[in-house]
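What you see below is based on every heavy atom in this structure, not just the backbone, and it leaves out hydrogens, waters and symmetry mates.
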Amino acid sequence: MAFHERGEAPARASTRDRPAAAQPAAGAGMLALQQSAGNRAVAGLLHRTGVARAAPVPPGLIQRSTDDVLEALGKEFEQGLLDEYKVEIGQLREVIEKLGLDKVEKGELPKKGGLYMRISSALETETAPKSPYTGKGYSDPGYLRNRGAVKADLDLDAGYRGLGPAEQIEKLFGLFCKRRFTYSMAAGGFDRFAGNNGDCKTLTESFMKIVDQEFGVTMTLGSETTRFLARGGATIDPQAVGNCDQGTRWFFNNHYWVEYGGAQYDLLFCRKGINRTTYDLVTSTGKLKDAGGKEADHEYWLTASGTIVWENIPTATGPNPEKYRSDATPRYELLKEAGFQVPR
């Protein structure tokens, strides 16, 4: 017997490093399967699982015939490989059983059609990331791709166990409103939310997506699509308090919120309930004129209360507190004389 420098016997070689030809007699049945005609791959299925391995699947396992799949998972599967790949093999066995393929005679397997693809597809479904609350796989690739950026802030991995849908939504609402977010007024979906900026529709659609993907609950999107003037106030972004009259008012082109079980959640202002009676809706609009009476590009809007609103800084972006100005009806008549066109 050969010894190493310290007089120790060499460790038993891993079956991962053992060439197929060197396998012991106990694996003779396995070798016969590996060398059978019309080979495909059961190890190809193992290779497609999400389980990490220390080394690639042994080359001798890569090519297998589909009608050998069940036999390869049986007693003749070489014990060393069973030990090293027991997790993957266990997953594959479960999938085969769920598909009912363990009840099919070996000779009938090729007639079932697409056996490899059926097992492979089912195995991918089994090993795909799933919601910890519904046990279902995430159906939205964009959500799954960006989930990691928000899961810690929103406690998505385990924070909602044992809660009913309404309780889950309430807890998520609280954590959602604490998350850092810049109200840039730039449109975008969940990827923009994961990047910590966007508009109120970014917020509402992202909240609805989380509730759907994690809890399997469908919420309703509420909206006001007529321009309106409202009093200023803090938002999810502490720096954004208003975009009209030096930040004391908001002038919105539209506004969105979400609803569930009779409750309304305003994600921009982080408050429950929507009081649309406080929205001073625009009833007509017009154009400013320059001193020579020529129509200019700037619009103005007349609201239901008789307040006029116009762009003070047309080029301003985001919630700039100086972007819009407003004035009440008595001034409106004077402003008309100064160049406002009659509303249309």
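Grouping the Ile, Leu, Val, Met, Phe, Trp and Tyr side chains by contacts below 4.5 angstrom, directly or via other members, places Tyr260 with Leu203. Ile313 and Tyr183 sit in two unconnected hydrophobic clusters of ILVMFWY residues. Membership requires side-chain heavy atoms under 4.5 Å apart, directly or through other members. Placement of Leu302 and Leu281 in two distinct hydrophobic clusters is found when ILVMFWY residues are connected by side-chain heavy-atom separations under 4.5 Å, directly or transitively.
When side chains are defined from C-beta on, Leu172 counts as touching Val211, because their heavy atoms get closer than 4.5 Å. Between Tyr324 and Leu229, every side-chain heavy-atom pair lies at or beyond the 4.5 Å cut-off. At a threshold of 4.5 Å between non-hydrogen side-chain atoms, the residues Asp155 and Lys171 count as touching. Taking 4.5 Å as the limit, every side-chain heavy atom of Lys323 sits out of range of all side-chain heavy atoms of Phe251. You'll find the side chain of Asp327 stays beyond 4.5 Å of the side chain of Thr307, heavy atoms only. Side-chain contact check for Leu156 versus Val150: some heavy-atom pair is nearer than 4.5 Å. In this structure the side chain of Lys130 never reaches within 4.5 angstrom of the side chain of Lys136, judged on heavy atoms. Residues Val258 and Tyr265 form a side-chain contact, since some pair of their non-hydrogen atoms from C-beta on lies under 4.5 Å apart.
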Steps toward side chain to side chain donor-acceptor pair (under 3.5 Å) verdict (Asp237, Thr235): CA-CA 5 Å; Asp237 178 357; Thr235 64; 5.4 Å; no
Would you check, one step at a time, whether the test side-chain contact (heavy atoms from CB on, under 4.5 Å) holds for Glu224 with Ile274? CA-CA 11 Å; Glu224 176 54 72; Ile274 297 293; over 6 Å; no
Could you go through Leu221 and Tyr256, starting from their C-alpha distance and side-chain angles, then the distance that decides it, and tell me whether this counts as side-chain contact (heavy atoms from CB on, under 4.5 Å)? CA-CA 7 Å; Leu221 180 67; Tyr256 298 89; 4.2 Å; yes
side-chain contact (heavy atoms from CB on, under 4.5 Å) between Trp301 and Glu311, worked out: CA-CA 9 Å; Trp301 299 270; Glu311 281 192 294; 4.1 Å; yes
Tell me, with the steps shown, if Met219 and Thr204 meet side-chain contact (heavy atoms from CB on, under 4.5 Å). CA-CA 10 Å; Met219 303 189 76; Thr204 52; over 6 Å; no
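Here the shortest heavy-atom pairing between Phe193 and Leu154 reads CE2-CD1, 4.5 Å. When all heavy atoms of Trp250 and Asn243 are compared, the pair lying nearest together is CA-OD1, 3.3 Å. Nearest heavy-atom pair, Ser184 versus Asn197, reported as atom, atom and distance to 0.1 Å: OG-OD1, 3.2 Å. Contact detail for Ala187 and Thr202: the closest heavy-atom pair is C-OG1, 4.2 Å. Shown here for Thr248 and Asp245, the closest heavy-atom pair between the two residues is OG1-O, 2.8 Å. Closest of all the heavy-atom pairs between Val309 and Ser326 is CG2-CB, 4.0 Å.
Using the six-membered ring where Trp is involved, Phe252 and Phe269 have ring planes that are perpendicular, over 60° apart on the 30 and 60° scheme.
Counted by atom type alone, Gln213 and Ser131 present zero donor-acceptor pairs between their side chains at under 3.5 Å. Side-chain contact annotation: Thr225 with Asn254, donor-acceptor N/O pair under 3.5 Å absent.
Salt-bridge formation is detected for the pair Asp157/Arg147: a Lys NZ or Arg NE/NH1/NH2 atom is positioned less than 4.0 Å from an Asp or Glu carboxylate oxygen. Ion pairing of Arg180 with Asp153 is absent here, as no side-chain N (NZ or NE/NH1/NH2) approaches a carboxylate O to less than 4.0 Å.
Partners of Lys272 by salt bridge (charged side-chain N to carboxylate O under 4.0 Å, His left out), not counting sequence neighbours, listed by chain and number: Glu170. Shown here are the side-chain hydrogen bond (donor to acceptor under 3.5 Å, both in side chains) partners of Thr317, two or more places apart in sequence or in another chain: there are none. In this view, Asp212 satisfies the side-chain hydrogen bond (donor to acceptor under 3.5 Å, both in side chains) rule with no residue, not counting sequence neighbours.
One finds the NZ atom of Lys201 at 10.0 Å from the CE atom of Met208 (value rounded to the nearest 0.5 Å). Rounding to the nearest 0.5 angstrom, the gap separating the NE2 atom in His255 from the CG atom in Asp199 is 11.0 Å. In this structure, the separation between CG on Asp266 and CH2 on Trp257 is 8.0 Å, given to the nearest 0.5 Å. In this structure, CG on Asn253 lies 8.5 Å from CE on Met185, to the nearest 0.5 angstrom. Going from atom CD1 of Ile308 over to atom OG of Ser284 covers 11.0 Å, rounded to the nearest 0.5 Å. Put simply, CD on Glu205 and CG on Leu267 are 11.0 Å apart, with the number rounded to the nearest 0.5 Å.
Within 6.0 Å of CD in Glu259 there are more than 12 heavy atoms belonging to other residues, nucleotides or ligands. Within a 6.0 Å sphere centred on CZ of Arg161, other residues, nucleotides and ligands contribute more than 12 heavy atoms. Around CZ of Arg231, the count of heavy atoms belonging to other residues, nucleotides or ligands within 6.0 Å does not exceed 12.
Evaluated for a side-chain hydrogen bond (donor to acceptor under 3.5 Å, both in side chains) with Glu214, the options Tyr133, Tyr160, Tyr138 yield exactly one hit, Tyr138.
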